[in-house]
Amino acid sequence: MFVCLGNICRSPLAQGIFEDLVRREGLEAHFEAESSGIGAWHVGEKPDVRMRRTAKAHDIDLDGQRAQQLSRYDLKRFDHLYAMDRSVERDMLLLDRSGALHQKVSRFSVHDPDPDTHEVPDPYFEGNFELVYTIVDRTCRSILDMLVQQHNLKRAP
Ligand code: 4NP
């Protein structure tokens, strides 16, 4: 589960890229990816048109996605939940007061092969969609590589 603030920019992109990688590698039987937001402002909406255009320029289609809000139940439902920035990570952890599920939550950028990146910048106000694409793409590849190794999965030839 990829989580950002509004679920219309960063996390839908991560879902779209991750699903595309999984399909290309023939690993669909092993992964179920979704995305969600901390806030409910955009629930039911398509991803931001600027994000959809940027993704489409890289052959990633986000048109079928609709925003949803992260729920407490999602922390149980998913094995790994990735927060796009620190404030999102903090809010995710607050959903599980017992702390029992905290080990499933990590900041997306700790998996970024570029060690200088600590958060995925929010493009909603800043408009840096292409930079976000670059960061999210390389980090999704790194997350998939790690999970494939961890679970000893076989990629399609
Ligand atoms: P996202 O970007 O968290 O990457 O989806 C945002 C989208 C909407 C808002 C903030 C960030 N907003 O304030 O509505």
Side-chain angles (χ1 to χ4, degrees), residues 1-24 28 31-97 99 101-147:
M1 172 67 97
F2 300 101
V3 188
C4 61
L5 189 56
N7 193 211
I8 53 169
C9 297
R10 295 166 290 175
S11 64
L13 178 66
Q15 179 185 342
I17 290 176
F18 191 84
E19 285 178 336
D20 183 64
L21 290 170
V22 163
R23 249 189 324 270
R24 283 168 191 270
E28 296 99 317
F31 293 98
E32 194 72 59
E34 285 187 28
S35 64
S36 58
I38 295 296
W41 315 288
H42 299 284
V43 167
E45 293 177 18
K46 282 187 185 181
D48 187 298
V49 65
R50 298 166 294 173
M51 192 75 267
R52 280 188 279 137
R53 280 198 199 119
T54 304
K56 202 156 271 173
H58 294 272
D59 288 326
I60 302 290
D61 188 351
L62 306 180
D63 290 356
Q65 293 192 41
R66 296 292 180 275
Q68 57 178 349
Q69 186 177 28
L70 179 72
S71 79
R72 194 165 270 129
Y73 178 57
D74 293 325
L75 282 143
K76 294 206 172 85
R77 204 158 64 87
F78 284 88
D79 297 319
H80 306 284
L81 298 97
Y82 302 101
M84 290 292 155
D85 61 39
R86 287 197 176 86
S87 127
V88 166
E89 183 181 31
R90 194 180 55 234
D91 288 341
M92 287 166 75
L93 296 176
L94 286 174
L95 281 180
D96 170 36
R97 288 194 203 92
L101 305 172
H102 282 195
Q103 83 283 351
K104 294 182 175 186
V105 175
S106 63
R107 198 156 12 94
F108 186 75
S109 294
V110 305
H111 309 285
D112 188 333
D114 179 344
D116 291 339
T117 312
H118 301 293
E119 299 188 311
V120 182
D122 188 342
Y124 187 70
F125 295 111
E126 311 260 326
N128 42 354
F129 286 89
E130 196 55 47
L131 171 65
V132 167
Y133 186 90
T134 303
I135 294 172
V136 170
D137 182 56
R138 69 179 182 229
T139 308
C140 278
R141 289 169 194 274
S142 156
I143 288 173
L144 184 60
D145 284 348
M146 183 185 67
L147 293 172

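If you read the sequence from its start, that first residue is 1, and numbering goes on from there. Start at 1 and go down the list; that is how both ligands and their atoms are numbered.
- Distance OG/Ser11 to CG/Leu81: 11.5 Å, rounded to 0.5 Å.
- Nearest heavy atom pair, residue Ala83 against residue Val88, reads CB-CG1, 3.9 Å.
- Salt bridge absent: Asp145 and Arg141 never bring a charged side-chain N and a carboxylate O closer than 4.0 Å.
- Below 3.5 Å of separation, one finds an N or O of Leu5 facing an N or O of ligand 1.
- Taking every non-hydrogen atom of Arg10 and a distance limit under 4.0 Å, the qualifying atoms of ligand 1 come out as 1 (P), 3 (O), 4 (O).
- When all heavy atoms are compared, the tightest approach of Glu34 to Gln15 is C-OE1, 3.5 Å.
- Judged by distance alone, with hydrogens and angles left aside, the side-chain atoms of Gln68 form a donor-acceptor pair with the main-chain N or O of Ser35 at under 3.5 Å.
- The nearest heavy-atom contact from the protein to atom 2 (O) of ligand 1 is Asp122 OD1, 3.1 Å.
- Looking only at protein heavy atoms, the nearest one to atom 9 (C) of ligand 1 is Tyr124 CD2, 3.5 Å.
- Distances between N or O atoms of Trp41 and those of ligand 1 include no value under 3.5 Å.
- Taking a cut-off of under 4.0 Å to the non-hydrogen atoms of Cys9, the atoms of ligand 1 that pass are 1 (P), 2 (O), 4 (O), 5 (O).
- When heavy-atom distances to ligand 1 are checked against a 4.0 Å cut-off, His42 comes that close only through its side chain, counted from C-beta outward.
- In this structure, the side chain of Gln69 engages the main chain of Ile38 through a donor-acceptor pair within 3.5 Å.
- Contact check on Asp85 versus Arg10 returns a salt bridge, with a Lys/Arg side-chain nitrogen under 4.0 Å from an Asp/Glu carboxylate oxygen.
- Close contacts between ligand 1 and Cys4 involve ligand atoms 1 (P), 3 (O), 4 (O), 5 (O) [criterion: under 4.0 Å to a heavy atom].
- Contacts of Asp48 with ligand 1, taken as heavy-atom pairs under 4.0 Å, are absent altogether.
- Close approach of ligand 1 to Ile8 (heavy-atom distance below 4.0 Å) involves ligand atoms 5 (O), 7 (C), 8 (C).
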